[in-house]
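Here is the structure we will look at.
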4 protein chains.
Amino acid sequence: MARQTIKIGIVGGTGYTGVELLRLLAQHPHSELKVITSRKDAGMPVADMFPNLRGRVKLKFSEPSTQALSACDVVFFATPNGVAMNEARALYDAGVRLVDVAADFRIKDIAVWEQWYGMKHACPDLVAQAVYGLPEINRERIREARIVANPGCYPTAVQLGFLPLMQTGTVDFDHLIADAKSGVSGAGRKAEVHTLLAEASDNFKAYGVGGHRHLPEITQGLETMAGRKVRLVFTPHLTPMIRGIHATLYAGVDSGVDLQSLYEQRYANEPFVDVLPAGSHPETRSVRGANVCRIAVHRPQGGDIAVVLSVIDNLVKGASGQAVQNMNIMFGFPETTGLEQVALLP
Amino acid sequence: MARQTIKIGIVGGTGYTGVELLRLLAQHPHSELKVITSRKDAGMPVADMFPNLRGRVKLKFSEPSTQALSACDVVFFATPNGVAMNEARALYDAGVRLVDVAADFRIKDIAVWEQWYGMKHACPDLVAQAVYGLPEINRERIREARIVANPGCYPTAVQLGFLPLMQTGTVDFDHLIADAKSGVSGAGRKAEVHTLLAEASDNFKAYGVGGHRHLPEITQGLETMAGRKVRLVFTPHLTPMIRGIHATLYAGVDSGVDLQSLYEQRYANEPFVDVLPAGSHPETRSVRGANVCRIAVHRPQGGDIAVVLSVIDNLVKGASGQAVQNMNIMFGFPETTGLEQVALLP
Amino acid sequence: MARQTIKIGIVGGTGYTGVELLRLLAQHPHSELKVITSRKDAGMPVADMFPNLRGRVKLKFSEPSTQALSACDVVFFATPNGVAMNEARALYDAGVRLVDVAADFRIKDIAVWEQWYGMKHACPDLVAQAVYGLPEINRERIREARIVANPGCYPTAVQLGFLPLMQTGTVDFDHLIADAKSGVSGAGRKAEVHTLLAEASDNFKAYGVGGHRHLPEITQGLETMAGRKVRLVFTPHLTPMIRGIHATLYAGVDSGVDLQSLYEQRYANEPFVDVLPAGSHPETRSVRGANVCRIAVHRPQGGDIAVVLSVIDNLVKGASGQAVQNMNIMFGFPETTGLEQVALLP
Amino acid sequence: MARQTIKIGIVGGTGYTGVELLRLLAQHPHSELKVITSRKDAGMPVADMFPNLRGRVKLKFSEPSTQALSACDVVFFATPNGVAMNEARALYDAGVRLVDVAADFRIKDIAVWEQWYGMKHACPDLVAQAVYGLPEINRERIREARIVANPGCYPTAVQLGFLPLMQTGTVDFDHLIADAKSGVSGAGRKAEVHTLLAEASDNFKAYGVGGHRHLPEITQGLETMAGRKVRLVFTPHLTPMIRGIHATLYAGVDSGVDLQSLYEQRYANEPFVDVLPAGSHPETRSVRGANVCRIAVHRPQGGDIAVVLSVIDNLVKGASGQAVQNMNIMFGFPETTGLEQVALLP
C-alpha cells in the first residue's frame, strides 16, 4: 500500500528539468517537497527564479546538504552530468532512493561512458545496480530500484519508436537510422550563444552528426531489446521551438510484417504511449506539457523501409515527467498519479 | 451545497476557446461533458481535431440541437459573435444557465454594440439581465446570473490593470492609454493570410488603431468602476507568439498615491490576480496555460504617469479559464476548482 | 552578347514566389518589369500588398492579358499548379520564353504527373521540350530552352545533395532516404488553418509520409543523374520557421570513397553551391535570402552510410532565385547577375 | 568628388552590428574592407564565424592594432560601450574618421552619460565635437564630422517618429510616451539566459521600465528638436523575433493639426523615411534587412492624442545601415549607395 505522502529532495533545481519537476510535483497529490538545492542561488525563493511557481512553491533554494537530503524518501538529481555520481553514495547509504535525471547511471559499460562524457566515473558499482528508467521496458525492476537512471530525451523518443521492431527480429539491425529533431530547451538553461533566440530562431541545423552522447545510450537500449548487436546512425537537429522532440526512424523490414498491429499490440496497455491510427503524423504540440509519447508507423510506397514517427515533450516524457512516472512506480502509486495534464494546444 | 457533477454543453467547439474549454473541463472534478456541437464537423471525434485530447475526451461533435443542450446545466458558447444571441432564448427558457465566451452580451448599450459589431442584436432584453463575468468586480452577481457575458481577452487584461486606479479617483480619466500586445491565437482558429506563420512570425505590427471592438467594452467597464466618463486610447498589436497578452497601461496620477500598496490591497484576496513586488516586469510565459493575471505597477522617474504592466493567457484568464471560473461561481464550487494548473515554463 | 534590358512579365504575383521574384528583379540591373497579373487583385499597386516593395516597384497588378504578356521577352509563372500549362501555348507561339516556377513542366512522364497532380495535362508536347531548370545539371540546355521547368524546393535541396553520389555509381541506389524539413513559406501564401502561426509555431511534424508530389520529381532527377532506377524514401516535415529547407540525406556507400573530395570537386566551379569543410553543419539561416545551396557530407562512425546535409532558402535557390538564375543563363547574362545578396544573419 | 574606394576598418566585429556592417559593406561599391579586429578571435576567418559571408568576405579577425587601423579612411566601432572612447584618440589624431556604433559619443552632458553608463568618460573633449549621426536632423554637420555618434536603435525609431511633432510646437511636451518593442537581436550576440530561445520565444515582457539608457539619448534628441525641455516615459519591451523595432508613440496634440500632411511634408525628401498613407499600420517585416523607417500617424476617435507608429530594422536603420548612411554622407557618396536592399518579406 502506497504511503500517503513522500518527502522529496531535488539537487540542482535551477535548470529546465528542475523547474519542470517542480511544476509536476506541485500538482502531485502525494508529494511533499522538502529540499531543493542550488549552491549558486541558495537563499532565493524558487518562485523568484521561476515566476510560474508564484503562489505554488514556497521553498527557497538551499545549500547542498547531505543531511537535509538524507531525510527525504527520494532525491532527484536535476544536475549537470558528473554531479550525481559524486553525491549518490552518501544518500544511497542513508537509504534514500535516487532518480538521476542526468546521464551518470545510464550506460553500463563504464569505459564507454568515460569516453563519451570525458571524465572518470566515480562509482561504477552503483552504475551496476542502477535500473534504466524506461518503464515500458523495465517497469518491474524500477519498482525495487534504489537508483533509477532516468533516460535521456532523444533516447526515450527513439527507443520507444524502435521497441516493437526490435522485438520482432525481422529488421535490418545493421542499418537503423534515427533522424531526430529537438526543441531548444533540450540544450538546457545555460547561457550560450548558439541557443540565443537571435541565433536559433528562424533557423534549422543538424549538430553532432559525427557523434552524440545519446548514441551509445540508444544503442545499448536497442541491443537489450533486440538481444543482439545493432548499428545505428543518429542525427540530431536543432529546431526553432521551445519543447518537443520528433524522431523520424528508418529501418529495413520484411514485407510481411503488419506494422500497425505490431505497434498497437505492443503498446495496448501502456498508459503513456499512444499509437496513432494508420496514416497519421503526430505533432510535437500534441504532447506539449504532457507525459505522453505518440507514435505513428508508415511503410511508404509499400516498400521495405519502415518509417516511424515518434514525438515526446523532451522535458516531460523525455525527462521530468518520466522521472515522476518512475517515482510513482518506485513508491507504489498508480503510475499516472499527478501526470494527467492535457497537452497545451495551441 | 454544490452538486457533485454538472452536465455541460459547448456550442461551437472547433476554435481555440473551444479546445481550451475542453482541456480545462477534462481536468475538472465536477464536470460531465455531455454535448459539443459543430455543424460543420458533426460526427468527428473531438480528439481527431485536437490530438492533445486523445484518450481524455471521448465525445464527438454533434449537430446543434436545442433538445440535447437543454438537458445540460450550463452551456458555453464558444462561437463567433452573433451566434449566441440567436440561440440563447430557447436554452434560457429551458432553464439552462449560459456563459457566452463571445461578445453578444457584453455591451449594455445596444446601439453601441450594433455599431461596433455591424449587426442587429437579436435579444436586447437578455443583454439587460446578463452579468459581465469579471469575477473581481461582479462575483456576487455572477453567482445568481442566468447569463454570463464572459469578458474579452484584451478587456480582461486592461480592466484588471486599471481597476485599482479607477477606484481611487485621483487619475486623469480623460487621457488613459492602453498599449496592448497579443499573441496570434487571439485572432482565432480561422484560415486567414495575415495570421499565417510566414506572415506573423518574426514580425510585429499594430492593428485597429483607428478603433477596435474591445474599446467600447473596456470603456464601459472602466466607467462602471470609476462611476464617471473616461476617455481611453486603446492600441492593440499582434506579437509573434501563440498565447499571451501584455497590456502596458499609462495614466496620469497624483504624486501622493502609493501605487504598490493600492494594488496589493485591492487584490489581496483575489485567487487569480497576482501583484508582483515593486520593480517587477511580468512575462506572458509566467501565465501560459494558467488562469492568472500578473500585474506590476511603476512610476518611472517618480513622475506623474503610472505605468501598469498586466499579463494574462488570452485563452485562459482571457477566455476559457475565466469561463470555468464563472461556472465555478455559478454552481457554488470553490472558485479555483479545476483551475490550479501551473503555467508551462519554459 | 546579352541585351542590356529584358522585358519581364509575371503571371500570378500575389504569392511568396511572386513577391520574391519582385524583390530580386527590383535589384537586377538588366530587368524591366512590364506586367504582373492577378485576376483577383487587378488594379492594386503591388507595393500595397507587399510593403517591402514600397518605393521600389511602381507596377499595379493587372488582369491577365496574353497581349501584354506577349510583348515580354520572358514570362514567369508564379501560379498554382495547373495554370501555366493552360496559358503557355499562346505565349510560346508568340515567341516569349517561359519559366514555370510551378510544377506543370517538371515531370516528363505525363501519366505520372497526372496521377500525382490529379488533373489532365493540357500540353504534353510542351512538356516534352521543356528543360528542367537545375543549372548544375542542365546549364547548356537551359541556355537555348524556350520553356524552363523551374525545380521544386525540396527537389533542389535533395538533388544537389545527392548529385555527386549519383554520379559515382557506388551507392545503394535502392535504399536512398531524404529526410527533409521545410519552413512554412513552402506551403505558400494561402489561408489555411494548419499553417497559422498558432498552429505551426512551437510545433514540429512530418506530413505526406505516404507520398508527396515532390517524390516523383526527385526520383526522375536522381535516375537521370544515375542512369538507372533508384528507390527513395522521402519524408517531408514542417518546421516552425519562415524560410529554409534542410535536407538530411542517407545513402549506403562503399567504404573506399572520399566523400569530401568527391563533393568539393563536383561543385568546384558552381557559383551557387558551397561545399563546407569536413565536419560542418550548415544552417538554413546561412542562406536566408541568398541563392545558395550549402552542403556538408559526413560518414558517422566511419560506417557504410553517408549523411549529407543540404540547405537552401526555399524561396530563393528553391524557387525564385533559381528562376532568375535560369533567366540569366537563357539571356546570356553572367549567371550571378542580380543574385549576389548576402544572406541575412541573424 | 567622391573617391572611388575608401579603406575601412572595423573594431570588434563579432557582434550583430559587426556582421551587419560586413553584410552591407560587402555589397557596397566603394568600400574596401581592410581590417576587422577581435582580440578573442584573432586569426579566425570572419566567414567561419558568420557563414552567410562565405565566399564574400575573405578577411580574418586580427588583433587590435592602431597602426593597421590608422591606415584606414574610416573606422567603425562595433564594440561594447566604453571601448571606443579609449581607442578614439589615437585614430583621431592619425586623421582617421570615426563612426561609433556604440554609445560613447551620443550624450553631450558627460555627467548624464556617466550616470547611465556607470563609468568615467575617457575623452569628454571628443564628445563635444562628435556629431550625432541622425541624418534626418544633422546631415550637413555629418558631412564634415570627424567623429559620428551613431544613434541607438530605440532612439532612431522614437526620434524619427516624434520629429515632425517636436518641430510644430503644439504638443504636450510634458507627457510624451514611447512604448517600444524590440526584437531580441537588440540585446546583442552575448551569451545570456534571458535571451535564449527557450526563455524569450513565445513570451513578451517589458524591461527597464524604471529607467533605460536610451531614455537620456532620446530626451536629448527631442529637446534639441523642440528647443525646450520635454518629459518622456519610455517603456521598452522584448518581443519574440530576431530583428525589428516597433515604437508606438503617444502625444497630446491640438485638434487643429493635420498630422498626415505634417509628416508627409517633413519627410518628403528623405530617402530612408517612408510615411505611409493615412490609416496604415507599418509592420517590422516591411523593413527587415532594409535601411528604412516606415511611419504611420493616427488620431484615434478624433481625440487629442496622436498615435505614431514607427518601425525600423534595429540592425540596419537602427545601427549598421545608418552607420553606412553616415559614411556615405561623410565621404560624399550618394546617400543611398549600397543601401538599396529590398526588405526580406516573408
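Throughout, a chain's letter reflects where its sequence line sits, starting with A, and its residues are numbered from 1.
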Query - Student check: side-chain heavy atoms of A/Thr248 and C/His237 closer than 4.5 Å - result: yes
Query raised in the report: Considering heavy atoms only, which positions within residues 290-302 of chain C lie below 4.5 Å of chain A?
Result: C/His298, C/Pro300, C/Gln301
Requested in this report: Examine distances only and state if a side-chain atom of C/Asn203 and a backbone atom of A/Thr284 form a donor-acceptor pair shorter than 3.5 Å.
Outcome: yes
Query raised in the report: With a 4.5 angstrom heavy-atom cut-off, which part of C/Leu215 approaches chain A: side chain, backbone, both or neither?
Result: side chain
Query raised in the report: So, does A/Arg243 use its side chain to make a donor-acceptor pair with the main chain of C/Asp202 at under 3.5 Å?
Result: no
Query - Nearest heavy-atom neighbours spanning A/Gly208 and C/His281 - result: N-NE2, 3.3 Å
Query raised in the report: Going through the distances and angles, do C/Glu283 and A/Leu238 end up as a side-chain contact (heavy atoms from CB on, under 4.5 Å)?
Result: CA-CA 10 Å; C/Glu283 308 183 35; A/Leu238 197 65; over 6 Å; no
Query raised in the report: With only heavy atoms counted, which part of C/Val209 is less than 4.5 Å from chain A, the side chain, the backbone, both or neither?
Result: both
Query raised in the report: So do the side chains of C/Ile305 and A/His175 get within less than 4.5 Å of each other, counting heavy atoms only?
Result: yes
**Report entry** Which portion of C/Ser201 sits near chain A, non-hydrogen atoms under 4.5 angstrom
**Finding:** backbone
Query raised in the report: Is it the side chain or the backbone of C/Pro282 that comes within 4.5 Å of chain A heavy atoms, both, or neither?
Result: backbone
Report task. For each of A/Pro346, A/Ala206, A/Gly183, tally heavy-atom pairs with chain C at distances under 4.5 Å, and name the one with the top tally. Result -> A/Ala206
Query raised in the report: Please walk me through it: do C/Tyr250 and A/Thr235 pass side-chain contact (heavy atoms from CB on, under 4.5 Å)?
Result: CA-CA 10 Å; C/Tyr250 301 91; A/Thr235 315; 2.8 Å; yes
Report task. Please flag which part of A/Leu232 lies under 4.5 Å from any non-hydrogen atom of chain C: side chain, backbone, both or neither. Result -> backbone
Query raised in the report: Picking from C/Arg288, C/Lys181, C/Arg231, which has the most non-hydrogen pairs under 4.5 angstrom with chain A?
Result: C/Lys181
Report task. Under the side-chain contact (heavy atoms from CB on, under 4.5 Å) rule, what do C/Lys205 and A/Leu309 come out as? Steps first, then yes or no, please. Result -> CA-CA 9 Å; C/Lys205 64 174 176 182; A/Leu309 314 175; over 6 Å; no
Report summary line: Checked C/Val233, C/Leu345, C/Ile177 vs chain A; the most non-hydrogen pairs under 4.5 Å come from C/Ile177
Query raised in the report: Using the benzene-type ring in the case of Trp, are the ring centres of A/Phe204 and C/His246 under 6.0 Å apart?
Result: yes
